[in-house]
Visitor: 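Take this structure, written in structure tokens, and hold onto it; I'll ask about it next.
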There are 2 protein chains.
Amino acid sequence: MLAVVLRITGTVPSVLLWRRAREPHEGRWALPGGRLGATEDVEASVRRHLAEKVDLAEVAHVEQLSVFSDPHRGPAPRRVATAFLGLVPSDADPAIPDDTAWHRVDALPPTAFDHGEITRVGLDRLRAKLSYTNIGFALAPDVFSISELRRLYAAALGHHVSATNLQRVLTRRGVLVPTGTTAAPGPAGGRPAALFRFSEHTLRVTDPFAALRPPSGAGAV
Amino acid sequence: MLAVVLRITGTVPSVLLWRRAREPHEGRWALPGGRLGATEDVEASVRRHLAEKVDLAEVAHVEQLSVFSDPHRGPAPRRVATAFLGLVPSDADPAIPDDTAWHRVDALPPTAFDHGEITRVGLDRLRAKLSYTNIGFALAPDVFSISELRRLYAAALGHHVSATNLQRVLTRRGVLVPTGTTAAPGPAGGRPAALFRFSEHTLRVTDPFAALRPPSGAGAV
DNA sequence: ACAAAAGTGTTCGATCTACACCCATGC
DNA sequence: GCATGGGTGTAGATCGAACACTTTTGT
């Protein structure tokens with residue numbers, strides 16, 4: 001049970017890591033996690049372990065990534081880890097223990113076991129889902145301006161994102177809802193930004209068919 | 001370790017199931033699988049167990065689905081299953097043991113544990129990937145006509161698929177390669193069908209960005 | 001007035017669906 | 001010839017990227 005908890009910090013995503021206090025891999029940074037209990041499923045387990053590092057109320061989305069089971073991924077005894085992706089909105093700044101810190105994904109410290117690779121898988125999943133789901137709700141504050149959302153998408157994706165097109169794409173899909181309110185301009189002036197909200201806070205696929213759509217007169221089987 | 005092995009039979013996908021000979025759930029149909037060995041990873045394990053039911057050489061693609069770990073998904077002791085999707089081309093008809101049979105997914109018999117639900121997850125994964133990857137290579141014979149491929153896609157997706165558009169979409173993406181040969185017409189006549197091949201036999205995402213493409217002058221991070 | 005930030009209008013290209021039409025074969 | 005199955009041409013719709021231009025604020 002391991003969790004890749006990501007949060008956009010500045011222009012880059014960061015991942016939550018804690019410093020191992022003992023062997024193996026003493027002093028290296030590791031993903032939060034722990035063993036599966038007898039009366040819980042894997043998602044309940046990862047949430048239980050995560051609660052030791054971060055306020056669970058701040059984790060806006062959790063989903064399963066993949067199982068890592070290479071017999072040589074760590075020293076004996078062999079461990080099978082089910083990895084999860086967790087997302088924390090950029091405005092939340094949960095209290096975390098002393099041994100725990102956020103690390104930019106473009107400058108990871110030496111990590112324990114295969115946790116660097118698992119982090120990469122989590123980041124790839126986030127990037128993919130930004131394109132065809134409403135997963136942005138888990139990165140953004142409850143209310144936000146388009147330029148702020150643009151910053152979050154650009155940081156997560158690692159490339160430039162146009163505010164113009166982002167707004168249009170997400171609006172057309174019914175993902176964004178205007179609140180009717182505006183933000184105060186900064187000290188340098190500028191037009192006040194309209195504020196938006198995500199229409200849903202649970203994951204939904206918004207662009208299901210890249211191609212091979214069913215015919216207009218449909219009817220699923 | 002469980003495998004949802006699918007194969008297109010006629011106009012519907014079928015899944016490989018075997019009949020349990022003892023309690024619990026004696027007589028019900030179950031997915032092939034078994035326990036994880038100490039010196040193998042999960043994929044090697046599922047392949048090892050699968051080899052008891054079907055010739056592995058006939059399984060054209062294997063990928064991880066998800067972990068099923070509800071403490072009440074079966075009687076005690078609690079079991080955690082990592083489910084896989086396996087695909088067998090439609091022209092292969094591997095020998096299978098007496099206790100094993102293909103079952104149409106639209107008319108599943110009573111299944112053991114949560115195996116019906118797991119089958120549904122596997123089918124959904126196949127359907128999704130048909131749209132944005134070249135995964136069709138694992139359903140089709142090595143060489144095939146467009147109308148044959150159309151039949152396979154329509155069966156897997158559960159809705160009508162146009163041969164015209166299928167050919168154009170897959171050709172544009174560089175997924176299909178013409179062999180230059182043609183098939184003999186049937187007894188009723190008709191123009192001989194051109195035969196095609198998949199350009200690759202490993203999974204590749206062919207339509208990566210539904211939206212939010214990186215800018216033209218790109219550069220990944 | 002001017003700079004800064006946000007938002008809108010519009011063009012262009014890519015891509016996919018739909019449908020009419022043309023081609024090759026057997027009887 | 002004509003029915004049958006296969007293949008191509010093309011128009012229409014949708015969608016998203018790019019970019020110019022307008023709107024609203026602060027100094």
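Every heavy atom of this structure was used, including side-chain atoms; hydrogens, water molecules and symmetry mates were not. Convention: sequence-line order gives letters A, B, ...; per-chain numbering from 1.
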Visitor: Within this structure, what is the CG-to-P distance between B:Asp207 and C:dC16, rounded to whole angstrom?
Guide: 6 Å
Visitor: Tell me which nucleotide among C:dC16, D:dG7, C:dT25 gets nearest to the side chain of B:Val169.
Guide: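 Of the candidates, C:dC16 comes closest.
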Visitor: Taking N and O atoms by type only, does the side chain of B:Arg191 place a donor or acceptor under 3.5 Å from a partner on the base of C:dT25?
Guide: no
Visitor: Got A:Val80 and B:Val80 here, is their nearest side-chain heavy-atom distance under 4.5 Å?
Guide: no
Visitor: As an exercise, state the distance from CG of B:Leu149 to CZ of B:Phe196, rounded to the nearest 0.5 Å.
Guide: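 Those atoms lie 9.5 Å apart.
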Visitor: Do the side chain of A:Thr164 and the base of C:dT8 come within less than 3.5 angstrom through a donor-acceptor pair of N or O atoms?
Guide: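 Yes.
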Visitor: Rounded to whole Å, how long is the line connecting atom CG of B:Leu157 with atom P of C:dT17?
Guide: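 For the pair B:Leu157 CG and C:dT17 P, the rounded distance is 11 Å.
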Visitor: How long is the span from the CD atom in B:Glu43 to the OG atom in B:Ser45, to the nearest 0.5 Å?
Guide: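 If we round to the nearest 0.5 Å, B:Glu43:CD and B:Ser45:OG are 10.5 Å apart.
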Visitor: Nearest whole Å is fine: how far is D:dG16 P from A:Tyr153 OH?
Guide: 13 Å
Visitor: Touch check for B:Arg173, heavy atoms < 4.0 angstrom, all strands: base, sugar-phosphate only, or nothing?
Guide: sugar-phosphate
Visitor: Is any side-chain nitrogen or oxygen of B:Arg172 closer than 4.0 Å to OP1 or OP2 of C:dT15?
Guide: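 So the side chain of B:Arg172 is outside the cut-off, no N or O lying under 4.0 Å from OP1 or OP2 of C:dT15.
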Visitor: At under 4.0 Å, does any side-chain N or O of A:Ser162 touch on OP1 or OP2 of D:dA17?
Guide: no
Visitor: Distance check, rounded to the nearest 0.5 Å: B:Thr202 atom OG1 versus B:Phe137 atom CZ?
Guide: 6.5 Å
Visitor: Closest to the A:Ile146 side chain: C:dT25, D:dA18, C:dG7?
Guide: C:dG7
Visitor: Taking for each residue the nucleotide of DNA chain D with the nearest heavy atom, is it B:Arg168 or B:Ser145 whose nucleotide lies nearer the 5' end?
Guide: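 In this pair, the answer is B:Ser145.
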Visitor: How many Å lie between CG on A:Leu170 and C1' on D:dC15, as a whole number?
Guide: 14 Å
Visitor: Measure the CG-CE distance between B:Asp41 and B:Met1 for me, rounded to the nearest 0.5 Å.
Guide: 9.5 Å
Visitor: Let me know the distance between OH of B:Tyr132 and P of C:dC16, rounded to the nearest Å.
Guide: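 After rounding, the reported distance stands at 16 Å.
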Visitor: Look at the side-chain N and O atoms of B:Gln167 and state whether any lies under 4.0 Å from the OP1 or OP2 oxygen of D:dT8.
Guide: yes
Visitor: Please report the distance, rounded to the nearest Å, between CD in B:Glu148 and C1' in D:dG7.
Guide: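 Result: 17 Å.
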Visitor: Students often get this wrong, so: under 4.0 angstrom with heavy atoms, is A:Ala194 touching a base, only sugar-phosphate, or nothing?
Guide: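 Touches sugar-phosphate only.
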Visitor: D:dA18 C1' sits how many Å from A:Leu166 CG, rounded?
Guide: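 My rounded result for the distance is 15 Å.
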Visitor: Just the rounded figure in Å: distance from P of D:dG6 to CZ of B:Phe196.
Guide: 12 Å
